[in-house]
Amino acid sequence: MKELTHWIDGKHVNGKSGRFADVFNPATGEVQARVPLASPEELARAVDSAAQAQRAWGALNPQKRARVMMEFVRLLNRDMQKLAEALSAEHGKTVPDAKGDVQRGLEVIEFCIGAPHLLKGEFTDGAGPGIDMYSMKQPLGVVAGITPFNFPAMIPMWKMGPALACGNAFILKPSERDPSVPLMLAELLKEAGLPDGVLQVINGDKEAVDAILDNETIQAIGFVGSTPIAQYIYARGCENGKRVQCFGGAKNHMIIMPDADMDQAADALVGAGYGAAGERCMAISVAVPVGDETADRLIEKLVPRIEKLKVGPYTAGDDVDYGPVVTAAAKENIHRLVQSGIDAGAELVVDGRDFKLQGYEDGFFVGPHLFDRVTPDMEIYRKEIFGPVLSTVRAGSYEEALGLAMDHEYGNGTAIFTRDGDTARDFAARVNIGMVGVNVPIPVPLAYHTFGGWKKSGFGDLNQHGPDAFKFYTRTKTVTSRWPSGMKEGGEFHFKAMD
């Protein structure tokens, strides 16, 4: 069986803790590799080495760091197919979807090529007689990222790209469920010219996470995952004096107004609700049609589209719509939540519980499900299912639909489908959610804007990628300078305003 490694000081390093986790093929249910789980001592040694390497990397001018990012982009494009296939084999998503995973990370690296401009400070000439003032954006030192299974290429690049471009060393703790692609990214960064030790990839579980949270050298932590873990990491990291940004769960609503193009809305819902088997924090999991007539028309459009979905392994071709979920435990939890919806009285319009794929009976495949007449008190409405399950909540008015999205504890993304510009503008202005789509079902911003949810979907005051990332991974130093020419003789013994 294949045994994976850590990536320390520019090379693959075997784990020394004696603890391992199984890496499954989600399509077959078979164990295809095992990954080492780092001890706190292994993590500490990697951090110490990163701190040594960061000094020279941080002192390098931003343009030279940006050239490493530029070469990294070239290598990512060169190895796109290889990365996508490795990602699909461990996560289960289709190859086209896996390429999108890599591409969205690549776009953030492209943005990081602009680091020389993004790291410019401010300057005031003549703030006083012979006095100049200027600010410098300097790296934090060693920072860390704890990233999830559902985007094993994109989110590590969202974290490490800006951090490295800013001059930091980076400790990546990827998901132990699909760890191969993060190791491949480390190899490509070395090939691109990143000095050894500046990026360390440490595989592990909660023991490694806690070691990151408590390590005094690590100055900042970025996390993406479930809300309970996000709250834990945010609280413990902040308590230890670190800069922390954490992004958690979601329950994304899509409001469908009576004037919406119903075919467009139905197509958008199927792609956003069932793509990647629903294992996306920006997946639409709640459809909110306004009015019973709208709801009936929507359900009529959705059912045949959902029933035609092709579910299968990534090896079955590019026409597969979605693959398996990541683990047997995830599959079991989805089925449990579906049953809770039935027990609570929701109408299961499309029932995927008996889905079986010939030849892959032991795989973690889940058939598509569609609920109608879901109510806000039901568990399937309140909880993030993270599976191919779409719930329909009928609203009597626009205000009721808006209130559903606003009252939910999660606030990651939302969308509205309408032909009315006034309604769309009102929705975008009023809704208390971090990312909003207007006739766009999954409103993930491009790399030069920032990504982040509100309420219990996000913890911290800065978002991911875009300009916020460069603020998060740097600290500002302000210098006031005065040169001898024209200075008054003698010292000043009291604080006073500039002359």
Side-chain angles (χ1 to χ4, degrees), residues 2-16 21 23 32-38 42-43 45-47 49-50 52-54 56-57 60 64-91 95 98-99 101-110 112-113 142-147 149 151-165 168-204 208:
K2 183 179 180 182
E3 187 170 306
L4 299 175
T5 63
H6 306 298
W7 178 267
I8 301 175
D9 295 338
K11 59 182 180 293
H12 290 281
V13 175
N14 292 327
K16 297 179 180 179
V23 180
Q32 60 181 324
R34 63 178 196 161
V35 61
L37 303 176
E42 288 174 288
L43 184 281
R45 286 193 293 271
V47 172
S49 180
Q52 296 281 339
Q54 188 274 329
W57 176 248
L60 204 63
K64 290 183 178 178
R65 296 198 298 263
R67 287 171 185 160
V68 173
M69 298 293 111
M70 193 180 302
E71 178 64 6
F72 185 36
V73 167
R74 186 187 74 80
L75 296 173
L76 287 167
N77 280 305
R78 182 196 71 184
D79 288 0
M80 178 69 74
Q81 184 70 26
K82 180 181 176 182
L83 289 162
E85 289 180 359
L87 196 158
S88 294
E90 289 185 352
H91 177 277
V95 170
K99 286 182 178 179
D101 189 328
V102 178
Q103 179 64 35
R104 272 303 180 98
L106 183 157
E107 290 168 4
V108 169
I109 304 302
E110 287 178 328
C112 292
I113 295 170
V142 180
V143 298
I146 302 165
T147 58
F149 76 86
F151 286 97
M154 182 184 79
I155 296 179
M157 284 192 274
W158 282 11
K159 299 296 186 185
M160 68 188 181
L164 294 171
N168 299 286
F170 194 79
I171 308 296
L172 173 62
K173 206 300 287 181
S175 171
E176 64 275 22
R177 296 175 187 174
D178 43 16
S180 291
V181 168
L183 292 168
M184 295 168 71
L185 296 177
E187 292 174 341
L188 293 183
L189 272 166
K190 179 181 174 72
E191 187 178 348
L194 187 72
D196 293 346
V198 175
L199 170 66
Q200 314 278 47
V201 181
I202 306 300
N203 289 300

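Since the model is a prediction, treat every value here as computed from it, not as a measurement.
Minimum heavy-atom separation, Val201 to Ala186: CG2-CB, 3.9 Å. Of all the heavy atoms in Leu164 and Asn168, the pair that sits closest is CD2-O, 3.5 Å. Nearest heavy-atom pair, Gly197 versus Ala53, reported as atom, atom and distance to 0.1 Å: C-CB, 3.7 Å. Leu183 and His6 make their closest contact through CD2-C, 4.1 Å (heavy atoms, listed as atom of the first residue, atom of the second, distance). For the residue pair Ala165 and Arg65, the shortest heavy atom distance occurs at O-NE, 2.9 Å. Nearest heavy-atom pair across Pro156 and Leu172 is CB-CD2, 4.0 Å.
Taking CG of Leu188 as the reference point, atom CD of Glu71 lies at 10.0 Å (rounded to 0.5 Å). Atom CG of Asp178 and atom OG1 of Thr147 lie 8.5 Å apart (nearest 0.5 Å). Atoms CG and CD, on Leu37 and Glu42 in that order, are 9.5 Å from each other to the nearest 0.5 Å. Going from atom CZ of Phe170 over to atom CD of Gln54 covers 13.5 Å, rounded to the nearest 0.5 Å. A distance of 9.5 Å separates NZ of Lys159 from CD1 of Ile146, quoted to the nearest 0.5 Å. Within the model, atoms CD1 of Ile113 and CE of Met70 stand 5.0 Å from one another, a figure rounded to the nearest 0.5 Å.
Contact annotation: the side chain of Met160 approaches that of Leu185 to within less than 4.5 Å [non-hydrogen atoms, C-beta and beyond]. Proximity of Ile171 to Leu43: side-chain heavy atoms (C-beta onward) are separated by under 4.5 Å at one or more points. A 4.5 Å side-chain heavy-atom check between Phe72 and Met157 finds at least one atom pair inside the cut-off. Residues Asp196 and Lys190 are in side-chain contact: their nearest non-hydrogen atoms beyond the backbone lie under 4.5 Å apart. Side-chain atoms of Leu189 and Trp7, non-hydrogen and from C-beta on, never get closer than 4.5 Å to each other. Under the 4.5 Å side-chain criterion, counting only non-hydrogen atoms from C-beta, Met154 is not in contact with Gln103. You'll find the side chain of Asn203 stays beyond 4.5 Å of the side chain of Glu176, heavy atoms only. Side-chain contact between Pro152 and Glu90: absent, with no pair of heavy atoms (C-beta onward) separated by less than 4.5 Å.
Remark: the backbone N or O of Gly204 is paired with a side-chain donor or acceptor of Lys173 at under 3.5 angstrom. One N or O on the side chain of Gln32 and one on the backbone of Ala89 form a donor-acceptor pair closer than 3.5 Å. Arg34 places no side-chain N or O within 3.5 Å of a backbone atom of Glu3 that could act as its donor or acceptor partner. Formation of a donor-acceptor pair under 3.5 Å by the Ser49 side chain with backbone atoms of Arg45 is not found in this model. Although no hydrogens or angles enter the test, the distance criterion places a donor-acceptor pair under 3.5 Å between the side chain of Gln200 and the main chain of Asp9.
By the salt bridge (Lys or Arg N to Asp or Glu O under 4.0 Å) test, Asp101 is found to be paired with Lys93, residues two or more places apart in sequence or in another chain being considered.
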Go through the steps to decide whether Gln81 and Lys99 satisfy the test side-chain contact (heavy atoms from CB on, under 4.5 Å), and finish with yes or no. CA-CA 7 Å; Gln81 184 70 26; Lys99 286 182 178 179; 2.8 Å; yes

Please step through side-chain contact (heavy atoms from CB on, under 4.5 Å) for the pair His91 and Val181, ending with a clear verdict. CA-CA 10 Å; His91 177 277; Val181 168; over 6 Å; no

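Among pairs with a residue in residues 77-88, those fulfilling salt bridge (Lys or Arg N to Asp or Glu O under 4.0 Å) read Arg78-Glu191, at least two apart in sequence or across chains.
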